[in-house]
Protein chains: 2
Amino acid sequence: MTNKFERDLLRGSLDLVVLSVLAGGGKKYGYLIQKEVREASGGRVDLAAGTLYPLLHRLEDDGLIRSSWDAGTGRERKWYELTAAGRKRLSAQAQEWADYAACIRQLLAIAKVQPAS
Amino acid sequence: MTNKFERDLLRGSLDLVVLSVLAGGGKKYGYLIQKEVREASGGRVDLAAGTLYPLLHRLEDDGLIRSSWDAGTGRERKWYELTAAGRKRLSAQAQEWADYAACIRQLLAIAKVQPAS
DNA sequence: GGGTATATATAGCACGGCGATATATCGGCT
DNA sequence: AGCCGATATATCGCCGTGCTATATATACCC
């Protein structure tokens with residue numbers, strides 16, 4: 001992330017972002033998730049490795065995702081998939097996000113804030 | 001804030017929220033800002049005193065707001081108002097917020113996330 | 001065999017929201 | 001007068017967490 005503001009924005013939506021990418025279907029591994037997030041966000045969200053991997057561990061500890069190591073030889077990948085709890089959490093947070101965003105939009109509208117050019 | 005998710009959401013929009021309330025016109029003091037944020041957000045955003053006052057100090061240190069103590073006797077109030085830099089920052093962050101929100105909405109759309117009932 | 005991309009992991013830093021706590025005034029009730 | 005809740009500001013310290021830096025190892029191309 002470029003600046004502090006964006007870093008803090010990310011903080012409020014990081015679980016949401018990663019869970020939603022995993023909801024896109026099938027198992028995915030960390031490095032792939034990083035790439036998909038970057039692409040799906042048009043380059044705006046680019047997770048540092050030091051952010052992503054600890055996050056995946058937290059999500060797994062919380063039972064929201066499940067992992068299995070690649071069976072093949074060579075470069076090992078840790079494949080993640082959503083659990084039922086993860087899917088539920090994703091839905092709930094998506095709703096909360098939408099509500100909160102609407103709330104902020106209203107605050108800005110009340111103040112008649114003009115976006116910068 | 002009720003839970004961790006909302007606390008982290010707040011973190012990404014706190015400056016925005018406070019600056020936008022101050023953009024609403026005239027000088028305002030901390031306790032009033034707290035009330036107006038609570039009301040304008042439908043009770044969703046309720047700033048703790050331990051959040052609000054340090055924040056106001058930071059914003060002032062950054063030159064985004066300016067303060068003056070109440071001249072009258074009795075209960076003292078510290079009145080804040082936006083500076084030109086503050087108004088500029090507000091516009092910029094409002095734009096960034098809108099862009100980021102659009103980005104998240106797209107991510108959720110791609111993943112076909114259904115919001116919780 | 002050297003360099004770049006792929007792939008995962010962790011330690012430690014820096015920052016900030018919040019609970020707890022302190023202080024003081026004001027108004028209403030009894 | 002005394003009490004109490006609301007008003008009003010302030011700070012300390014805890015805790016969570018995103019990120020930089022660092023480590024390790026494989027794959028592939030030149």
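Everything quoted here is computed from the prediction, not taken from an experiment.
For dG17(C), one of the phosphate oxygens OP1 or OP2 lies less than 4.0 angstrom from a side-chain nitrogen or oxygen of Arg58(B). Using a 4.0 Å cut-off, no side-chain N or O of Lys4(B) falls inside it from OP1 or OP2 of dG17(C). At dT9(D), none of the side-chain N or O atoms of His57(B) fall inside 4.0 Å of OP1 or OP2 (strictly under the cut-off). At the phosphate of dA9(C), OP1 or OP2 sits under 4.0 Å from a side-chain N or O atom of Lys78(A). For the OP1/OP2 pair of dT10(C) and a distance below 4.0 Å, the side-chain nitrogens and oxygens of Tyr53(A) include no atom meeting the criterion.
A straight line from CG of Leu32(B) to C1' of dA6(D) spans 15 Å, rounded to a whole angstrom. Separating the CZ atom of Arg38(B) from the P atom of dA8(D) is a distance of 12 Å, rounded to the nearest angstrom. Nucleotide dA9(C) holds its P atom 10 Å from the CG atom of Leu52(A), rounded to whole Å. What separates CG of Asp8(B) from P of dG16(C) is a distance of 14 Å, to the nearest Å. Between the CG atom of Leu10(A) and the C1' atom of dC19(D) there is a distance of 11 Å, given to the nearest Å. Between Leu59(B) atom CG and dG17(C) atom P there is a gap of 10 Å when expressed in whole angstrom units. At whole-Å resolution of the value, CD in Glu76(B) and C1' in dT7(D) are 14 Å apart. In this structure, Tyr29(B) places its OH atom 16 Å from C1' of dA24(C), rounding to the nearest Å.
The side chain of Tyr31(A) lies closest to dT6(C) when the candidates are dC18(C), dT6(C), dA10(D). Here dA10(D) is the nucleotide among dG17(C), dT7(D), dA10(D) with the atom lying nearest to any side-chain atom of Tyr80(B).
Shown are Leu64(A), Leu55(A), Thr51(A); of these, the side chain to side chain contact (heavy atoms under 4.5 Å, CB included) with Val18(A) is made only by Leu55(A).
Not a single donor-acceptor pair, N or O on each side, falls under 3.5 Å between the base of dC18(C) and the side chain of Arg11(B).
In this structure, Gly30(A) reaches the sugar-phosphate backbone alone: every heavy-atom distance under 4.0 Å involves primed, P, OP1 or OP2 atoms, never a base. Using a 4.0 Å heavy-atom cutoff across all strands shown, Leu14(A) reaches sugar-phosphate atoms only and no base atom.
Taking the charged nitrogens against the carboxylate oxygens, Asp62(A) and Arg58(A) have no contact shorter than 4.0 Å, which rules out a salt bridge. Between Glu36(B) and Lys28(B), at least one side-chain N (NZ, or NE/NH1/NH2) sits under 4.0 Å from a carboxylate O, which counts as a salt bridge.
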| task | Please report the C-alpha distance between Ser68(B) and Tyr80(B) in whole Å, then the side-chain angles of each, then the deciding distance to 0.1 Å, and finally whether the side-chain hydrogen bond (donor to acceptor under 3.5 Å, both in side chains) criterion is met. | result | CA-CA 7 Å; Ser68(B) 53; Tyr80(B) 288 98; over 6 Å; no
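Annotation for Lys27(A): atom NZ does not count as buried by contact number, only 12 or fewer foreign heavy atoms lying within 6.0 Å.
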